[in-house]
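Let me begin by presenting the structure, written as structure tokens, before commenting on it.
Only this structure's heavy atoms are used, side chains among them; waters, hydrogens and symmetry mates stay out.
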Amino acid sequence: QVQLIESGGGLVQAGGSLRLSCTASGRTSSIVAMGWFRQAPGKEREFVATMNWSISTTYYADSVKGRFTVSRDNAKNTVYLQMNSLKPEDTAVYYCAGSINWLLARSPYGYGYWGQGTQVTVSS
């Protein structure tokens with residue numbers, strides 16, 4: 001099993017920044033990528049960003065490209081999501097996830113492990 005612990009959410013004004021962290025523990029060797037998803041009230045969970053654990057390839061949703069950056073610290077088994085130029089429409093619960101299938105890394109179906117979620121609220 002893999003456990004994912006997130007931190008870093010909060011309330012920020014539009015145009016501000018936040019950095020989310022996600023630390024993995026347990027059988028982390030089964031993870032091929034770490035991703036971020038978000039879910040706003042009344043909406044489906046949507047892909048935000050992902051990074052392949054071995055080759056550092058990254059993908060981003062069009063809505064966050066150029067504003068969000070995913071990075072990692074292998075020694076700490078931690079992945080980060082740096083969020084800049086935040087907008088009110090970025091308000092959601094953000095989930096960290098561990099992927100077991102890189103081919104599905106932009107879909108929730110490619111992830112077998114999920115964090116508990118952290119709230120990000122962007123005020124206008």
Which heavy atom in Val2 sits nearest to a heavy atom in Ser30, and how many Å separate them?
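So the two residues come closest at CG2-OG, 3.8 Å.
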Please find the pair of heavy atoms, one from Ser124 and one from Ala14, that lie closest to each other, and give the distance.
CA-CB, 4.4 Å
Has the side chain of Ser107 got a donor or acceptor atom that lies under 3.5 Å from a matching backbone atom of Leu104?
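No, the answer is negative, given that no donor and acceptor are paired below the 3.5 Å cut-off.
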For the backbone of Arg106 and the side chain of Thr50, can you confirm whether one donor and one acceptor N or O come within less than 3.5 Å of each other?
no
With sequence neighbours excluded, tell me which residues meet side chain to side chain contact (heavy atoms under 4.5 Å, CB included) with [X].
X     : answer
Ser7  : Ser21
Leu11 : Thr121, Ser123
Gln3  : Gln1, Ser25

What distance do [X] atom [atom1] and [Y] atom [atom2] have between them, rounded to the nearest 0.5 Å?
X      : Y      : atom1 : atom2 : value
Asn101 : Leu103 : CG    : CG    : 5.0 Å
Phe68  : Leu20  : CZ    : CG    : 8.0 Å
Thr69  : Arg19  : OG1   : CZ    : 11.5 Å
Leu4   : Thr78  : CG    : OG1   : 10.5 Å
Asn74  : Ser56  : CG    : OG    : 7.0 Å
Thr23  : Asn77  : OG1   : CG    : 8.0 Å

If hydrophobic residues (ILVMFWY) are linked whenever their side-chain heavy atoms come closer than 4.5 Å, directly or via other members, who joins Val93 in its cluster?
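In the cluster with Val93 are Val32, Phe37, Phe47, Tyr59, Tyr95, Trp102, Tyr111, Trp114.
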Any luck finding a side-chain donor-acceptor pair between Tyr94 and Arg38 under 3.5 Å?
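Looking only at side-chain atoms, Arg38 and Tyr94 do form a donor-acceptor pair, the distance falling under 3.5 Å.
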Would you check if there is a donor-acceptor pair between the side chains of Ser17 and Asn84 at a distance under 3.5 Å?
yes
Do Val120 and Met83 have side chains that approach each other closer than 4.5 Å (heavy atoms only, starting at C-beta)?
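Yes; the side chains approach each other to less than 4.5 Å.
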Let's go through Lys87 and Asp90 carefully: what are the C-alpha distance in whole Å and the side-chain angles of both, what is the deciding distance for salt bridge (charged side-chain N to carboxylate O under 4.0 Å, His left out) to 0.1 Å, and is it a yes or a no?
CA-CA 5 Å; Lys87 305 175 182 179; Asp90 293 319; over 6 Å; no
Pairs involving residues 39-90, ordered by first then second residue, that meet disulfide bond (SG atoms under 2.5 Å apart) (sequence neighbours left out):
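Passing the test, one end in residues 39-90: no pairs.
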Summary of disulfide bond (SG atoms under 2.5 Å apart) pairs that have at least one residue in residues 82-124, sequence neighbours excluded:
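Matches after skipping sequence neighbours: Cys22-Cys96.
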